[in-house]
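Report on one structure; see the data block that follows.
All figures in this text were calculated on a predicted structure; none of them were measured in a lab.
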Amino acid sequence: MKRILIFLLSGMIWIFACAPRVVYMPVNNAQLPPRSNDTPIPVFTDSNPPPKPYRVVGMLIIDEEVDIFNFTQLTESKIIKKLKQEARKHGADALYIGELKSDVDIVPRDIASASADVRLTRKAGAYAIAWLPSNNSK
């Protein structure tokens with residue numbers, strides 16, 4: 001029984017170690033009711049802009065350092081999924097992705113040493129947006 005519990009615990013640590021952390025910053029204290037988990041959240045970019053007027057309700061940022069073994073596990077689709085989950089919590093109708101990239105930074109350990117640390121990160125920046133009411137008055 002202890003072996004099964006340890007196995008399950010280590011599996012959960014492995015799963016959560018691959019999940020990015022999202023920082024949400026509201027814009028103008030915008031507060032909307034949360035959306036349900038099955039609410040579709042469309043994703044827009046500069047090359048595929050939102051089709052109707054919107055307002056930004058918050059900014060979402062991921063700057064997740066990952067180790068070499070998990071680097072390939074943290075895919076763009078997992079990052080977007082996590083961004084959508086956070087956007088739903090804050091009542092967004094859609095996401096506008098501004099940045100989604102991987103970085104490799106080489107950081108010197110100290111000035112006197114010729115050695116350095118390699119820092120692998122996945123970065124994402126997005127806007128949580130809400131549609132503006134339409135003015136369809138005739």
Sort and list the pairs that fulfil ring-ring contact (aromatic ring centres under 6.0 Å, His included) and have at least one residue in residues 21-40, not counting sequence neighbours.
Tyr24-His90
Which atom of Ile79 lies closest to which atom of Ala124, heavy atoms considered
CG2-CB, 3.7 Å
Do Val43 and Ile80 make a side-chain contact, defined as non-hydrogen atoms from C-beta onward lying under 4.5 Å apart?
yes
Hphob cluster co-occupancy, Ile62 + Ile97, side-chain heavy atoms under 4.5 angstrom:
yes
Check the pair Leu60 / Leu95 against side-chain contact (heavy atoms from CB on, under 4.5 Å), numbers first and verdict last.
CA-CA 9 Å; Leu60 302 133; Leu95 278 176; 3.4 Å; yes
Decide yes or no for Gln85 and Lys82: does some side-chain heavy atom of the first lie under 4.5 Å from some side-chain heavy atom of the second?
yes
Beyond-backbone contact of Ile41 with Arg88, side-chain heavy atoms, under 4.5 angstrom:
yes
Is there any side-chain hydrogen bond (donor to acceptor under 3.5 Å, both in side chains) pair reaching into residues 41-53, and which pairs are they, with sequence neighbours excluded?
Thr45-Ser47, Asp46-Tyr96
May I ask you to decide if Ala130's main-chain N or O and Arg55's side chain share a donor-acceptor pair within less than 3.5 Å?
no
Applying side-chain contact (heavy atoms from CB on, under 4.5 Å), run through Val22 and Leu83 and close with a yes or a no.
CA-CA 7 Å; Val22 180; Leu83 289 169; 4.2 Å; yes
Residues pairing under ring-ring contact (aromatic ring centres under 6.0 Å, His included) where one sits in residues 46-66, two or more places apart or in two chains, turn out to be none
CG (Asn37) and NZ (Lys84) are apart, to the nearest 0.5 Å, by 13.0 Å
Answer whether the closest heavy-atom distance between the side chains of Val57 and Leu32 falls below 4.5 Å.
yes
Under a single-linkage definition using a 4.5 Å side-chain heavy-atom cutoff for Ile, Leu, Val, Met, Phe, Trp and Tyr, are Val56 and Val23 assigned to the same hydrophobic cluster?
yes
With the side chain counted from C-beta on, respond yes when Pro49 and Phe44 share a heavy-atom pair under 4.5 Å apart, and no when they do not.
no
N-O pairing of Asp63 and Arg21 below 4.0 Å
no
Are Leu132 and Ile129 connected in the hydrophobic side-chain network, where two residues link if heavy atoms are under 4.5 Å apart?
no
